[in-house]
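Note that the structure is a prediction, hence the values are computed from the model and not measured.
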Amino acid sequence: MIYRDFKGQKISGLGMGMMRLPVIDGDDSKVDEKQAEKMIAYAMEHGVNYYDTAWGYHGETSENVAGKFLNKYPRSSYCLASKFPGYDNSNMPKVKEIFEKQLEKCNTEYFDFYLLHNVYEGNIDDYLDPKFGILDYLLEQKQAGRIRHLGFSCHGTVDIIRRFMESPYGRHMEFCQLQLNYMDWHFQKCDEKAAYCREMGLPVFVMEPVRGGKICEAPDEMREQLKKMRPDESDIGWAFRFIQTIPDVVVTLTGASSLVQLQQNISIWEEDKPLNEEEFSRLL
């Protein structure tokens, strides 16, 4: 496993996202716990030490799964990330209630990484409204050691990120989680967002590196050209090598929904093989 440095801490380059765990009978709220347990065990055995969950994942059950199975390992052996669900504006007055419940569901006394979830055009005004006391409360929890590192995720524009960073939140943000992949590099202007984070000295954590699996299979013409450059690289390998080329990326989340997918992803992250300029350009 490749590791990256975050403030002197060694973080696995690949993190296990817990938004697309295997489910029973196609019901997203019914996680197949036997399979999830096997996946977490495999990840732990193969050096993955970053696990990302959230309040809303799997019908608000993902945090319970994380707490149930990660608790079998020493707490110092992994980093746990969760998020305040501000994507739903009705949650803004409930930061204390939700945070306390999240600790309970995750069966932990602290979060290594805690994020303001999905800062975007539809909720930034509420996030920044001091009447909700969100920032003040989370800073109190950080002071108490119940949050180790505070950051935010964003699906909004670079202007939203800039506005957020120029607000009172900005000086307390330690990382930014972005949807970043070669399809969205220009389409959703990921290049501008990554460049702004670099300018601000803000480490990037990556979500949706393969767009929920939608870019795992390149078009035939593109695949033929890529095979000439790297004959042994898989389609998903190209997606991850693209991320390995971006400066300042600390962790890339895999949303694997089966043990086989997780095994494949982990095998790719055993080596750091960033793209050269020609290879990088060919993907765009």
Side-chain angles (χ1 to χ4, degrees), residues 1-22 35-53 66 69-70 72-74 76-81 112-113 175 177-183 185 194 203-218 222-223 226-280 282-283:
M1 174 59 60
I2 298 164
Y3 292 91
R4 309 295 193 199
D5 179 78
F6 181 85
K7 299 191 173 185
Q9 186 174 7
K10 191 169 72 169
I11 306 292
S12 55
L14 185 70
M16 182 172 172
M18 304 185 75
M19 184 176 74
R20 294 190 178 94
L21 295 170
Q35 293 303 312
E37 182 179 14
K38 289 178 181 179
M39 291 172 68
I40 290 171
Y42 186 88
M44 290 293 293
E45 290 167 5
H46 290 80
V48 175
N49 67 2
Y50 189 95
Y51 295 83
D52 173 274
T53 183
F69 297 118
L70 285 172
K72 297 184 177 185
Y73 303 91
S76 60
S77 67
Y78 62 89
C79 294
L80 179 60
D112 300 273
F113 295 85
F175 63 100
Q177 189 159 297
L178 295 174
Q179 178 171 324
L180 200 160
N181 56 69
Y182 65 76
M183 184 179 292
W185 189 244
V204 171
F205 290 25
V206 172
M207 56 185 165
E208 302 290 351
V210 294
R211 249 184 171 238
K214 293 179 181 178
I215 59 175
C216 288
E217 294 187 6
M222 181 178 178
R223 183 183 288 114
L226 296 178
K227 282 292 184 184
K228 293 178 182 177
M229 295 179 176
R230 295 193 180 194
D232 298 326
E233 197 74 82
S234 64
D235 288 343
I236 195 169
W238 277 98
F240 283 135
R241 302 305 181 199
F242 180 85
I243 302 300
Q244 289 179 355
T245 313
I246 310 302
D248 307 316
V249 170
V250 175
V251 64
T252 299
L253 298 173
T254 172
S257 55
S258 72
L259 180 59
V260 171
Q261 289 179 359
L262 181 66
Q263 290 170 333
Q264 180 184 24
N265 295 350
I266 288 176
S267 70
I268 293 169
W269 284 85
E270 290 176 352
E271 295 182 88
D272 201 353
K273 294 183 177 180
L275 307 179
N276 61 37
E277 186 175 346
E278 180 184 3
E279 292 167 338
F280 189 88
R282 181 61 194 87
L283 289 177

Looking only at heavy atoms, which two atoms of [X] and [Y] are closest? And how far apart?
X      : Y      : result
Ser12  : Met1   : CB-CG, 3.8 Å
Ala239 : Pro209 : CB-O, 3.9 Å
Ser258 : Met39  : O-CE, 3.6 Å
Asn181 : Glu208 : ND2-O, 2.9 Å
Ala36  : Pro22  : N-CG, 4.2 Å
Leu180 : Ala194 : CD1-CB, 4.4 Å

Answer whether the closest heavy-atom distance between the side chains of [X] and [Y] falls below 4.5 Å.
X      : Y      : result
Val251 : Leu14  : no
Tyr51  : Leu70  : yes
Cys79  : Gln9   : yes
Arg241 : Ile268 : yes
Val204 : Phe175 : no
Asp52  : Phe113 : no
Gln244 : Ile2   : yes
Phe205 : Thr252 : no

Roughly how far, to the nearest 0.5 Å, is the [atom2] atom of [Y] from the [atom1] atom of [X]?
X      : Y      : atom1 : atom2 : result
Tyr3   : Asn49  : OH    : CG    : 5.5 Å
Met16  : His46  : CE    : NE2   : 13.5 Å
Met222 : Asp235 : CE    : CG    : 8.5 Å
Lys72  : Ser77  : NZ    : OG    : 13.5 Å
Ile236 : Asn265 : CD1   : CG    : 4.0 Å
Ile266 : Tyr42  : CD1   : OH    : 5.5 Å

Picking from Glu37, Lys38, Met44, what satisfies side-chain contact (heavy atoms from CB on, under 4.5 Å) with Ile40?
Met44
I'd like to know if the side chain of [X] and the backbone of [Y] have a donor-acceptor N/O pair within less than 3.5 Å.
X      : Y      : result
Gln264 : Val260 : no
Thr245 : Leu275 : yes
Ser234 : Gly237 : yes

Lys10 atom NZ, neighbour heavy-atom count above 12 within 6.0 Å
no
Test Met18 against Phe69 for side chain to side chain contact (heavy atoms under 4.5 Å, CB included), laying out the working first.
CA-CA 12 Å; Met18 304 185 75; Phe69 297 118; over 6 Å; no
In short, ring pair (Phe, Tyr, Trp, His ring centres under 6.0 Å) pairs touching residues 257-279 with sequence neighbours left out are Phe240-Trp269
Could you check, using the six-membered ring where one of them is a Trp, whether Phe242 and Phe280 have ring centers closer than 6.0 angstrom?
yes
Less than 6.0 angstrom separating the ring centers of Phe6 and Tyr50, yes or no?
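No: the rings miss the under 6.0 Å criterion.
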Salt bridge present between Lys228 and Glu233 (N-O < 4.0 angstrom)
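Not counted as a salt bridge, because no side-chain N and carboxylate O are separated by less than 4.0 Å.
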Using a strict threshold of under 4.0 Å (side-chain N to carboxylate O), is an ion pair present between Arg4 and Asp248?
no
Evaluate the criterion side chain to side chain contact (heavy atoms under 4.5 Å, CB included) for residue pair Val250 and Gln177; output intermediate values, then yes/no.
CA-CA 10 Å; Val250 175; Gln177 189 159 297; over 6 Å; no
Between Val48 and Thr254, is a side chain to side chain contact (heavy atoms under 4.5 Å, CB included) present by the stated rule, with each step listed?
CA-CA 11 Å; Val48 175; Thr254 172; over 6 Å; no
Taking atom types as modelled, is there a side-chain donor on Gln263 or Ser267 under 3.5 Å from an acceptor on the other?
no
For Glu279, give me all partners under salt bridge (charged side-chain N to carboxylate O under 4.0 Å, His left out), at least two apart in sequence or on another chain.
Arg230
